Amino acid sequence: MFIALIGVDHKTLEWTQKYLQEVHGFILLQVCCDSQKEKTANDTKYFNSTATMIDYATERWQNNFVTPSLDSSSSVDFDLFLRRPFTLLVAVETTLANMMQNMQSIGHKNGHSFTINQFADFYDTTYKARRDKISQAHINIFNPYTNEQDYISLLHSVNLLDEQRLRPNWDTYFMELADLASQRSNCMKRRVGAVLTQDKRIVSTGYNGTPKGLTNCTQGGCPRCNNGVEQGFAECLCLHAEENALLEAGRTRIGDSAVLYCNTCPCLGCAIKIVQTGIKEVVYNQAYRVDDKTAQLFENATVSCFFTNFFTLIFTIYPLLTHLNLKRPTNNLMKQPPSDKSTTDDDSTQSSDEHDNPDDPDNKDDDSEATLSESEMVGEKRKRRSGSGSRSGSGRIVEEGIIYNHDIRFISFSFNPSIELVGAATKLGLTVTSDLTSSDLIIYESCQVELTQLSHPDNSVCQHWITDSAAANTTLPICLYNLNTSYDPNAFEDPALDIQPDSTSKYACWRTHPLVSPNEELVDALRVLKQDRIARDEKWNALAYTRALSMVKSFPHRIRSKDDILLSVPASDDEEDAASAASTYKHPRTPTKPVKNIGDKKIKAKIEEWLNYGRVYEAEKIRGSDMHSIYHSLYSIQGIGPKKAFELSRSGVRSVDELVDNGKITQDDATLAQHLNNSISRDEVERIANYVMGHARSLLAHPSYAICGGFRRAKPMSNDIDIIITQHGASVAQLNHFLVALTDSLQSTGFLTKLMRQVSLCVASNRRKEDHDYQSTMLGVVESSRKFGTSEGEHPQYRRLDVIVAKPASFHLEILSWTGSVMYERDLRSYVRRHKLKLNASSVYNDTTDEELDLSLVRSERHLLRVLRLPWIAPQYRNCD
DNA sequence: CGGCATACG
DNA sequence: CGTA
DNA sequence: GCCG
């Protein structure tokens, strides 16, 4: 792949280029004249012209290259560039404020400052010169951050290396053609296009409008459409795009494998015709809502109907989100419904005092005007819940927008731009989901006003997107509902109360860890050493490497010298401490203390080796050995852990196939292992979760749920699907029954193909002394097909699905427990142990008295962490392994 | 020199 | 011991 | 292997 970067802001361009080079190993190519060569780094290739550069890249087209356009003098000839099939044009932009600041900091370095007029001049000339190219880019990335680490997280979630952008798949190809066809529409109401294909060949195309020979609808040919009133369908003379495509093809040319691509979901009338002509597959653009009747008809007629993805979204969602007033309620939004005391018997009398935590900030009254009494909160909650039943159609559910509330964690969109959005949304502690029917749903009919009022200077695309959706009469593009407190939307979190993370802590749960480390090679080397220790059964040795690795990963910058990481941690304010550190390291002016978890003897030496030689010898040796790769392939099989994998590879087993031949495992096991090794796109995770929640909703009235695991940590790809479900007010018995019923329901449709474990709440076990409430889990394998958007193409894929049913009071603790990575979980528990608490996935105990703490007033994951005296770290920064 | 997360099958 |  |  060959990426050309275009943009105006130096810093954003530089960060992007650095990210591609350091994280993905791109090679930097530049067009420039000789005199410039000396100034820049040595691992760059220089060319006299775009043509020679492209020739160079063409010969090595399987490598990854990047070329920046940092200043107009060395700009690349993009037209030449775009002709090649392996090239990707990426535009990066930032806010005017950022750009101005970045230019000023450069100006300061050179000893002169910028006036705002000079900046405006620069912007006008540079931006206008590049505007056309920026709009032609394959991807437009908008960087709202001033901080590199945040931007890198966003970049990572964009998945720049996705080959699909270079060459669209068939679905995208035909859908784009359908969009093109819609441009020929002559209907006053809406542009619609359709493409009918057979064996990947186009049979016919269609767009909507009046029949041949009649005056075009746009010229007044259809009285109904030109009336402007949504009535009189019988009088409409327009043919729909789908009808036109079908008529054009004629019955005889529509075979068994015909696929119809529509850029909107077909109406019921068209659906009937589609079924009758024998078409078995309909693909529509996901930006539009499925018509319920159409969906039903297709299901009865076994026509598979699903939507496709596009990469046309522009990453400007962040400014949109930040412009929503997420901070404070305004008075006009705070019309409270009458409080409902009857539901608050137990809630209102309790406080968090019993956590033995007198300085718990929750005991202080919030000084904000937004503070609600418990009774009001419950009243509000009930009202909202009763509304959520009447979701579809009008969508006027919540008259007072929850949008003002801090505790909004879920944002849902009527279409599914997940990957593009999640990077931005998670920055706000928001999690993206596509479920529209969860309880406490807040759809923003009322929000429309707010959204359309957003006018960010860099935000024209968003505006467009909103107005388009409104014009197309689709569900409003944005609706918000609550994540962390699915069943208590009024939980109010004030960031001022948050405990701050500390990057020098020995506990991973106190530190933030980027999704992708700028020191990935070193992290990888440490991972190899860790794996090696595990294989050798050196458990504690392995743990030490895991800890060191996590420590390195919490370092947000590229480590350049050993002072960077081994000494540079600022000493504490404690003077004595600082003095002793100073004498130890003989740097009296810059007192430092050693980094935790990186010991003086072994691991520090490995890191220094990496710094000096760019590699760790022992890791290289292990990596290069046959044993290592065989060990890994065996390890990937369910039921074969480190011990067995090590034993087998040592006893001369060469491959997984050999195990199958020997009858040690079945072919099915091997295939399953292969399937489970494939990672799952966010999109697919969401669709599978939606499907599961569909079943859940037929069993529970208003389930609350969260997708956890790597998905919640904003990873672009997941290994499995983790869903936590609860229902406000449900008893343990009801939840137990629910889990069994859900399992049956998923099995009966053939979706759940293998059940690996089913545990219920309150199981009696001889290992447990008391009858505590434990989590209830269902671990299984499901068959994911094309309708879930499997990236592997036509064939069904097996995916691991974990469903956890939590009792309501443990919901947030369960979310916490299923969101952290392994190191986060470990350190969470060792930390609370030191504070005389004991933690498992569903309850908190006093470690000495074994008394269980009541979590029923815990309003969110964030709140829970505060109670545990731990900082709340946004999920995307919990990737510490 | 003890501790290092916790639980289920 | 393997897995979440 | 590292921390306290």
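Bear in mind that the values here come from a model prediction, so they are computed numbers and not experimental data.
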**Q.** N or O in side chain of A:R826 less than 4.0 angstrom from B:dA5 OP1/OP2
**A.** yes

Q: Check every strand shown and say whether A:I637 touches a base, only sugar-phosphate, or nothing at a heavy-atom separation below 4.0 Å.
A: sugar-phosphate

**Q.** Value in whole Å for how far the P atom of B:dA7 lies from CZ of A:R829
**A.** 8 Å

Q. Please give, in whole Å, the distance from B:dA5 C1' to A:R834 CZ?
A. 15 Å

Q | Gap in Å between the two P atoms, one belonging to B:dA5 and one to D:dG4, rounded | A | 15 Å

Q: State which residues pass side-chain contact (heavy atoms from CB on, under 4.5 Å) with A:D661; sequence neighbours excluded, sorted by chain then number.
A: none

Q. Nearest to the side chain of A:K643 - B:dT6, C:dG2, C:dA4?
A. C:dG2

Q.
Any base atoms under 4.0 Å from A:L828, or only sugar-phosphate, or nothing? Heavy atoms, all strands.
A. nothing

**Q.** Integer-rounded Å distance: B:dA7 P and A:R757 CZ
**A.** 13 Å

Q: Compare the minimum distances between each of C:dG2, B:dT6, C:dT3 and the side chain of A:R833, then state the nucleotide with the smallest one.
A: B:dT6

**Q.** Nearest-Å distance for atom pair NZ/C1', residues A:K754 and B:dG9
**A.** 14 Å

Report all side-chain donor-acceptor pairs from residues 632-640 of chain A shorter than 3.5 Å, counting only partners two or more places apart or in another chain.
{"residue": "A:S633", "atom": "OG", "partner": "A:I630", "partner atom": "O", "Å": "2.8"}
{"residue": "A:S636", "atom": "OG", "partner": "A:S633", "partner atom": "O", "Å": "2.7"}

Q) For A:R547 and B:dA5, is the shortest distance between a side-chain N/O and OP1 or OP2 below 4.0 Å? A) yes

Q: Shoot me the first and last contacting nucleotide of DNA chain D against chain A, ordered 5' to 3', at under 4.0 angstrom to non-hydrogen atoms.
A: D:dG1 to D:dG4

**Q.** Partners passing salt bridge (Lys or Arg N to Asp or Glu O under 4.0 Å) against A:K643 (at least two apart in sequence or in another chain)
**A.** A:D537

Q: Let me know the distance between CG of A:N597 and P of B:dG3, rounded to the nearest Å.
A: 19 Å

Q. Taking atom C1' of B:dG3 as reference, at what distance in whole Å does atom NZ of A:K539 sit?
A. 11 Å

Q) So what does A:E538 touch, heavy atoms closer than 4.0 Å: a base, only the sugar-phosphate, or nothing? A) nothing

Q. From B:dT6, C:dT3, B:dA5, pick the nucleotide closest to the side chain of A:Y635?
A. C:dT3

Q. Start at the 5' end of DNA chain B and walk down; is the nucleotide closest to A:M823 or to A:Q758 reached first?
A. A:M823

Q. Could you give the distance from CD (A:E814) to OG (A:S843), rounded to the nearest 0.5 Å?
A. 8.5 Å

Q | A:R527: partners by salt bridge (Lys or Arg N to Asp or Glu O under 4.0 Å), with sequence neighbours left out | A | A:E520, A:D524

Q.
In whole Å, I'd like the distance from the CG atom of A:L543 to the P atom of B:dG2.
A. 18 Å

Q.
How many whole angstroms separate atom OH of A:Y507 from atom C1' of B:dG3?
A. 11 Å

**Q.** Given C:dA4, C:dG2, B:dA7, the nucleotide with the shortest approach to the side chain of A:P642
**A.** C:dG2

Q. Nearest nucleotide by nearest heavy atom, which residue falls closer to the 5' end of DNA chain D, A:K596 or A:A542?
A. A:A542

Q.
If I take atom CG from residue A:L529 and atom CD from residue A:E538, how far apart are they, to the nearest 0.5 angstrom?
A. 11.0 Å

Q: Apply the side chain to side chain donor-acceptor pair (under 3.5 Å) test between A:N879 and each candidate in A:H513, A:K553, A:K715, A:R713; give the one that qualifies.
A: A:R713

Q.
So, using side-chain contact (heavy atoms from CB on, under 4.5 Å) as the criterion, who are the partners of A:T546 when residues are at least two apart?
A. A:K530, A:M823

